[in-house]
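Numbers restart at 1 for each chain; the letters A, B, ... are given by sequence-line order, proteins then strands.
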Amino acid sequence: MRMTNLLLPTEREAPADAEALSHILGVRAGLVRQLGAGLWTWLPAGWRVHQNVVQIIREEIDAIGGQELLMPVIHPRELWRRTGRDQIDELFKLQDRRGSELVLAMTHEEAVTFHVSQIVRSYRELPMILYHFQTKGRDEPRPRAGVLRTREFIMKDSYSFDRDPAGLDESYAKHELAYDRIFDRTGLEWYKVDSDVGMMGGTGAHEYMAPCPAGENDVALAPGYAANVEIASAEPQPVAMPAPRSAPEEIATPGMTTIEAVAAHLGVPAGALLKAYPVVKDDGAMTLVVLRGDHRVNDIKLTNHLGQGFRPAQEDEIAERIGPAGYIGPVGSQLQVLLDAAIADHPSGGFVAGANRPDMHLEGVEPGRDFAFERADVRRVEEGDTVGGHAIRIEPAIEVGNIFKLGTRYSEPLGATYLDEQGAEQLIWMGSYGIGPARIAAAAIEQYADEKGISWPRALAPWQVHLVGLGKDGTPERDAAEVLYAELQGAGIDVVYDDRQTGPGEKFAEAELLGCPLRLTVGRRTLEDGLVEAQGRRGRTELRAVPLREGAAQAVDALLREQP
RNA sequence: CGGGGCGUGGCGCAGCCUGGUAGCGCACCUGCUUUGGGAGCAGGGGGUCGCCGGUUCAAAUCCGGCCGCCCCGACCA
């Protein structure tokens with residue numbers, strides 16, 4: 001591609017409203033442009049990157065037997081009503097001119113299951129993997145960070161159909177294999193984490209995460225352990241507990257309604273306090289969640305444990321049912337007590353808790369002896385907690401893919417069944433597996449950018465070679481660049497050729513901004529020796545010059561193979 | 001949905017408080033010079049100042065309403 005024929009609107013300055021690095025560089029390098037909030041156009045160079053990701057995914061899903069097809073973006077709302085998902089806030093709803101109810105698909109479980117329910121009749125047709133690359137619509141409450149969280153984006157989603165749970169496990173394992181290969185091939189730094197099954201329902205799930213500063217998820221990591229903090233569990237850091245007592249004793253704590261104030265007043269660590277967090281469940285019952293004073297509740301883990309949603313109790317409800325806010329505790333409470341595992345697993349008779357009376361706390365509280373409880377792991381893990389003896393660290397990451405065991409969540413409401421060998425009707429067991437190519441591209445920008453711009457992994461780069469021709473039209477160096485350009489193209493190497501009539505500084509700066517792995521420079525300096533300069537983008541390494549005529553393409557190809 | 005900020009040529013901004021000529025840098029066009037790190041000189045084109053209404057002789061500027069966009073939080077199959 002000649003740059004004189006390429007729509008590559010680079011910018012010297014960052015757009016005023018951009019914050020995330022992938023947003024700034026994506027716009028500055030001319031890869032993407034914004035149309036509206038969370039609505040992005042992929043310009044030619046950016047689209048090449050996107051297509052590179054798509055092709056890697058296609059090859060690896062094909063390799064596990066996936067069959068590519070294409071399903072519509074607009075669906076009849078009735079289909080979504082059947083699975084109960086038409087009430088999701090993020091679902092775009094619309095009507096046609098006759099008033100028919102439609103939705104913009106946010107995923108394609110309904111559509112693919114609808115077809116399979118009509119087409120598949122026999123166990124002989126299973127297992128099966130279907131997939132497509134299709135635009136998804138999501139009425140996001142807050143699109144952000146450029147291409148990272150948008151209202152419309154392309155997703156690869158595949159769906160597996162099996163006879164039974166064992167078959168699903170196999171299809172799931174195939175996808176794990178394919179995904180591991182895909183993310184390895186992209187050149188990203190990535191890891192696979194245990195994840196929450198969320199409102200999709202289902203029996204098991206993993207997320208593929210790419211660490212990057214603009215990431216929206218926090219991931220807990222230790223050697224041999226990786227989990228989304230939404231579900232992460234870890235051994236708490238120890239607390240120097242006060243001496244136990246044979247029975248709780250009241251102590252005056254006037255005006256001290258915070259953990260910090262009570263701990264400071266009594267001279268004990270915050271972790272020696274029992275933090276009482278009353279919640280009202282969706283069924284209306286109130287539960288007292290008790291955590292260590294230095295810990296925080298994890299809403300998702302608590303929801304999963306309760307098996308239903310909840311909200312924090314209001315102050316008047318607390319006053320009526322338990323005691324004065326700031327002084328409540330589990331001792332003497334009539335409520336069901338959920339005791340966090342960090343406390344339950346480390347028994348002590350030295351805890352401090354609210355006394356359920358104004359300005360009073362209790363010292364020497366012992367769970368079990370002084371109050372009954374149900375154990376539950378519902379806290380958010382903290383940096384420094386341990387898993388298998390190793391301290392965990394928590395870092396931001398962006399979710400670039402997920403794999404999910406759906407079970408019969410969709411086959412049941414949509415009637416996707418088959419006849420088994422005995423002629424009995426059975427539900428099909430399903431899995432769904434998503435990847436966001438745009439997020440992979442954005443994560444690659446974030447992970448590898450330097451002060452000069454983007455530095456693509458070779459597999460994603462819009463072009464493998466950025467050929468810079470110095471001098472103006474008609475000079476020997478430009479003639480030589482033309483010859484080299486033709487030769488590289490002839491050898492099947494993806495090359496973008498800067499044939500513009502601009503100064504060398506601008507050409508070099510834009511080459512580094514765009515971030516192709518290998519830059520070749522044809523200039524007077526080395527031309528007289530019949531050589532072309534080669535520089536690797538990653539680390540801006542100076543590489544040996546390559547001969548211009550004899551075997552130039554082979555030499556360039558060899559250099560490319562050395563690039564990351 | 002709560003909090004904060006911003007809408008002025010393609011991009012980045014000033015002007016608004018104190019009403020009266022729309023301005024700067026980059027980019028763009030023409031010519032000449034320049035060509036190994038975002039060049040120089042000269043000339044030139046381009047903006048209903050987000051939209052609607054109000055006040056006024058006069059509104060980018062003051063007042064009211066609306067829309068759009070960004071950031072933090074809530075939310076996020």
At under 4.0 Å between heavy atoms, what does [X] touch on the DNA or RNA strands: base, sugar-phosphate, or nothing?
X: R500(A); value: nothing
X: A18(A); value: nothing
X: G36(A); value: sugar-phosphate
X: D89(A); value: nothing
X: A145(A); value: sugar-phosphate

Where the side chain of [X] is concerned, which of [options] is the nearest nucleotide?
X: E11(A); options: rC71(B), rC11(B), rG37(B); result: rC11(B)
X: R142(A); options: rG38(B), rC72(B), rC75(B); result: rC72(B)
X: D17(A); options: rC71(B), rC70(B), rG10(B); result: rC70(B)
X: R33(A); options: rG10(B), rC71(B), rC69(B); result: rG10(B)

Does the side chain of [X] come under 3.5 Å of the side chain of [Y] through a donor N or O and an acceptor N or O?
X: K301(A); Y: T303(A); answer: no
X: H175(A); Y: S160(A); answer: no
X: E110(A); Y: T83(A); answer: yes

Any N or O donor-acceptor pair under 3.5 Å from the base of [N] to the side chain of [X]?
X: R149(A); N: rC76(B); result: yes
X: E512(A); N: rG37(B); result: yes
X: R12(A); N: rG10(B); result: no
X: E533(A); N: rG36(B); result: yes
X: E510(A); N: rG38(B); result: yes

Next item on the list: Tell me whether the guanidinium CZ or amine NZ of R2(A) lies under 6.0 angstrom from the six-membered ring centre of Y485(A) and within 45° of its axis.
Entry: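 Here R2(A) fails the 6.0 Å and 45° test against Y485(A).
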Notebook entry, point to check: Is the charged tip of K156(A) near the ring of F133(A): under 6.0 Å from the six-membered ring centre and within 45° of its axis?
Noted result: no
Next item on the list: For nucleotides rC51(B) and rC32(B), find the distance between their P atoms and express it as a whole number of Å.
Entry: 41 Å
Margin query: Whether Q501(A) contacts rU34(B) is assessed here as follows: a side-chain N or O lying under 4.0 Å from the phosphate OP1 or OP2. Is that the case?
Written below: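 It does not, given that no N or O in the side chain of Q501(A) lies less than 4.0 Å from OP1 or OP2 of rU34(B).
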Check: Can you check the L91(A) CG to rC76(B) P distance for me, whole Å?
Finding: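 About 15 Å, once rounded to whole Å.
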